[in-house]
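Working notes, structure below.
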Amino acid sequence: MKRQYRISAAAVAAALLLLALPGIGQKHPRELAQAPGLVFKPDKPISFTLSNGIQGLYFEDKELPLVWMAGRFKGGSLWEPAEKAGLAGLTGTVLRTGGSKTRTGDRINEELEFIAASIEAAGGSEYLTVSANGLKKDFGKLVEIYADLVMNPAFPQDKLDLARTQ
């Protein structure tokens, strides 16, 4: 009986010691040394202004062969009349789905799909944003489609009606 009692007592003592070990080696956060400061140096953008006054920024990342661009245009929900609430969102949707005067929305979809690219438009609170991304090798074609869509939007009635019902 004494032997069984000693074994049980030893097992309980060992269990208590194992439970206490994690707390023995830890320090309170106030006892820790000051963490080293983080260093972050973002690349400087190359800025440019086109002949028509449009300002642009250019960042280059040579790790991936991808391009991404975005344009912001004054025209968000802050600028829409009270009686036309939702106009900015509708404009963003139909700008993209409606196509341009030279390309239908479906044709733009096909051209973008062929080069594995995308162009999206969305109306925010202060701006209408039109963004595009694709492969670097197709940058010229992507800019061509993007510029056509932004400079010559069509807003066909059937796409306006579809966007309103959705």
Side-chain angles (χ1 to χ4, degrees), residues 26-27 29-166:
Q26 294 191 10
K27 295 183 178 180
R30 282 181 250 143
E31 299 171 342
L32 297 174
Q34 183 75 8
L38 297 176
V39 178
F40 175 67
K41 290 186 177 184
D43 292 335
K44 298 264 187 214
I46 299 168
S47 99
F48 58 91
T49 304
L50 300 176
S51 60
N52 60 3
I54 294 177
Q55 296 178 338
L57 296 173
Y58 175 77
F59 289 93
E60 186 172 8
D61 180 359
K62 295 183 180 180
E63 290 185 28
L64 294 174
L66 303 174
V67 292
W68 179 84
M69 61 183 171
R72 292 187 350 171
F73 307 90
K74 184 177 175 181
S77 59
L78 289 175
W79 310 106
E80 62 191 19
E83 67 275 3
K84 294 189 177 187
L87 181 62
L90 184 69
T91 302
T93 300
V94 181
L95 175 75
R96 175 56 189 89
T97 61
S100 69
K101 293 175 183 169
T102 59
R103 293 175 169 97
T104 65
D106 292 337
R107 180 171 166 211
I108 289 175
N109 289 341
E110 290 171 8
E111 288 184 43
L112 291 173
E113 185 177 331
F114 185 74
I115 62 171
S118 70
I119 296 176
E120 303 297 329
S125 59
E126 295 181 58
Y127 298 97
L128 172 71
T129 303
V130 182
S131 61
N133 65 63
L135 297 171
K136 184 178 178 179
K137 69 180 183 73
D138 299 316
F139 182 66
K141 183 67 172 177
L142 183 61
V143 169
E144 175 191 319
I145 298 168
Y146 182 94
D148 185 33
L149 191 60
V150 170
M151 294 190 300
N152 304 305
F155 297 103
Q157 190 62 47
D158 63 325
K159 297 295 184 177
L160 282 165
D161 294 339
L162 178 63
R164 276 193 196 115
T165 58
Q166 288 178 339

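When reading the values below, keep in mind they use all heavy atoms of this one structure, side chains included, and skip hydrogens, waters and symmetry mates.
In this structure the side chain of Lys136 never reaches within 4.5 angstrom of the side chain of Leu64, judged on heavy atoms. For the pair Leu135/Leu66, a side-chain contact is recorded, criterion being any heavy-atom separation below 4.5 Å from C-beta on.
Going from atom OG1 of Thr97 over to atom CZ of Phe155 covers 9.0 Å, rounded to the nearest 0.5 Å. Interatomic distance, Glu80 CD to Leu90 CG, rounded to the nearest 0.5 Å: 9.5 Å. Rounded to the nearest 0.5 Å, atoms OH (Tyr127) and CG (Leu78) are 10.0 Å apart. Here the straight-line distance linking atom CZ of Arg164 with atom CG of Leu160 works out to 5.5 Å at 0.5 Å rounding. Atom CD of Glu120 is separated from atom CG of Leu112 by 9.0 Å, given to the nearest 0.5 angstrom.
A salt bridge is absent between Glu110 and Arg107: the closest approach of a Lys/Arg side-chain nitrogen to an acidic carboxylate oxygen does not fall below 4.0 angstrom.
When all heavy atoms of Ala154 and Lys101 are compared, the pair lying nearest together is CB-N, 4.2 Å. Residues Ala70 and Tyr146 come closest through the heavy atom pair C-OH, 3.7 Å. Across all their heavy atoms, Ser77 and Ala88 have their closest contact at N-CB, 3.6 Å. Here the shortest heavy-atom pairing between Ala163 and Val94 reads CB-CG2, 3.6 Å. Residue Leu142 comes nearest to Ser118 through the heavy atom pair CD1-O, 4.3 Å, listed as atom of the first residue, atom of the second, then distance. Across all their heavy atoms, Trp79 and Glu126 have their closest contact at NE1-O, 3.1 Å.
For Arg103 and Asn109, the side-chain atoms include no donor-acceptor pair closer than 3.5 Å.
With respect to Ile119, the side-chain contact (heavy atoms from CB on, under 4.5 Å) criterion is satisfied by exactly one of Leu149, Asn133, Leu95: Leu149.
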